**Student:** 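Okay, here's the structure, questions in a sec.
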Amino acid sequence: MSENVVEITDANFENEVTNSAVPVLVDFWAEWCGPCRMLTPTIEELALEYAGKVKVGKVNTDDNQDTSVKFGISAIPTLIIFKNGEVIKKLVGLSSKKDLQAALDEVQ
């Protein structure tokens with residue numbers, strides 16, 4: 001994970017996402033998921049481009065099942081954009097960088 005991408009866990013979810021002063025893009029993923037690995041470079045690019053405006057984090061669904069169940073993650077990759085602790089947008093499957101940029105630009 002790059003320095004701009006936060007590892008989000010069951011333990012730190014509230015602090016990193018719910019209480020965040022800026023919108024948060026959360027990537028729900030797993031090591032064994034091919035499309036998740038394909039999305040990683042895009043997530044890291046977005047974290048760099050939106051630094052200071054949007055927090056970007058990743059939740060490993062295998063290691064953090066409580067958070068995954070809470071948000072109804074049934075397929076990965078799933079990306080959820082939170083603002084003020086609320087789900088603003090949920091994207092399931094492999095999303096293009098252009099689609100993700102458009103979604104992030106809507107919530108700023």
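Side chains are part of it too, since the values below use all heavy atoms of this structure and drop only hydrogens, waters and symmetry mates. Computed from a predicted structure; not experimentally measured.
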**Student:** Under the salt bridge (charged side-chain N to carboxylate O under 4.0 Å, His left out) rule, what pairs show up with a residue in residues 99-108, not counting sequence neighbours?
**Tutor:** none
**Student:** How many angstroms lie between CG in Leu39 and CG in Leu100, if you round to the nearest 0.5 Å?
**Tutor:** 6.5 Å
**Student:** Show me the side-chain donor-acceptor pairs of residues 73-86 shorter than 3.5 Å, one per line, residues at least two apart or across chains.
**Tutor:**
{"unit_1": "Thr78", "atom_1": "OG1", "unit_2": "Ala75", "atom_2": "O", "d": "2.4"}
{"unit_1": "Lys83", "atom_1": "NZ", "unit_2": "Val107", "atom_2": "O", "d": "2.8"}

**Student:** Which donor-acceptor pairs under 3.5 Å do the side chains of residues 10-19 make with protein atoms, sequence neighbours left out?
**Tutor:**
{"unit_1": "Asp10", "atom_1": "OD1", "unit_2": "Thr67", "atom_2": "N", "d": "3.0"}
{"unit_1": "Asp10", "atom_1": "OD1", "unit_2": "Thr67", "atom_2": "OG1", "d": "2.6"}
{"unit_1": "Asp10", "atom_1": "OD2", "unit_2": "Asp66", "atom_2": "N", "d": "3.4"}
{"unit_1": "Asn12", "atom_1": "OD1", "unit_2": "Thr9", "atom_2": "N", "d": "2.6"}
{"unit_1": "Asn12", "atom_1": "OD1", "unit_2": "Thr9", "atom_2": "OG1", "d": "3.3"}
{"unit_1": "Asn12", "atom_1": "ND2", "unit_2": "Glu7", "atom_2": "O", "d": "3.1"}
{"unit_1": "Glu16", "atom_1": "OE1", "unit_2": "Lys55", "atom_2": "NZ", "d": "2.9"}
{"unit_1": "Asn19", "atom_1": "ND2", "unit_2": "Glu14", "atom_2": "O", "d": "3.4"}

**Student:** Which heavy atom in Gln108 sits nearest to a heavy atom in Tyr50, and how many Å separate them?
**Tutor:**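 Heavy atoms of Gln108 and Tyr50 come nearest at NE2-CE2, 3.1 Å.
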**Student:** To check you understand the geometry: which heavy-atom pair defines the closest contact between Ser68 and Phe28, and what is its length?
**Tutor:**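 Minimum heavy-atom separation between Ser68 and Phe28: OG-CD2, 4.1 Å.
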**Student:** Please report the C-alpha distance between Phe71 and Val59 in whole Å, then the side-chain angles of each, then the deciding distance to 0.1 Å, and finally whether the side chain to side chain contact (heavy atoms under 4.5 Å, CB included) criterion is met.
**Tutor:** CA-CA 12 Å; Phe71 292 101; Val59 173; over 6 Å; no
**Student:** Sequence neighbours left out, what passes side chain to side chain donor-acceptor pair (under 3.5 Å) with Lys97? Give chain and number order.
**Tutor:**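 With sequence neighbours excluded, Lys97 shows a side chain to side chain donor-acceptor pair (under 3.5 Å) to Glu45, Glu49, given in chain and number order.
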**Student:** Quick one: does Asn64's side chain get under 4.5 Å of Ile8's, heavy atoms only?
**Tutor:** no
**Student:** Nearest 0.5 Å, what's the CD-OG distance between Gln101 and Ser95?
**Tutor:** 12.0 Å
**Student:** With a 4.5 Å heavy-atom cut-off, do Ile43 and Leu25 have their side chains touching?
**Tutor:** yes
**Student:** Listing request: all salt bridge (charged side-chain N to carboxylate O under 4.0 Å, His left out) pairs with a residue in residues 29-39, at least two apart in sequence or in separate chains.
**Tutor:** none
**Student:** Once you round to the nearest 0.5 Å, how far does CH2 of Trp29 lie from OG1 of Thr61?
**Tutor:** 8.5 Å
**Student:** If Ile, Leu, Val, Met, Phe, Trp and Tyr residues are connected whenever their side-chain heavy atoms lie under 4.5 Å apart, and connections chain through other members, are Val92 and Leu104 in the same group?
**Tutor:** no
**Student:** Would Val22 end up clustered with Val87 when hydrophobic side chains under 4.5 Å apart are linked, directly or stepwise?
**Tutor:**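 No, because Val22 and Val87 fall into different hydrophobic clusters, even though each may have its own neighbours under 4.5 Å.
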**Student:** With sequence neighbours left out, which residue pairs that include part of residues 46-108 fulfil the disulfide bond (SG atoms under 2.5 Å apart) condition?
**Tutor:**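 As it turns out, there is no disulfide bond (SG atoms under 2.5 Å apart) pair with a partner in residues 46-108 once direct neighbours are skipped.
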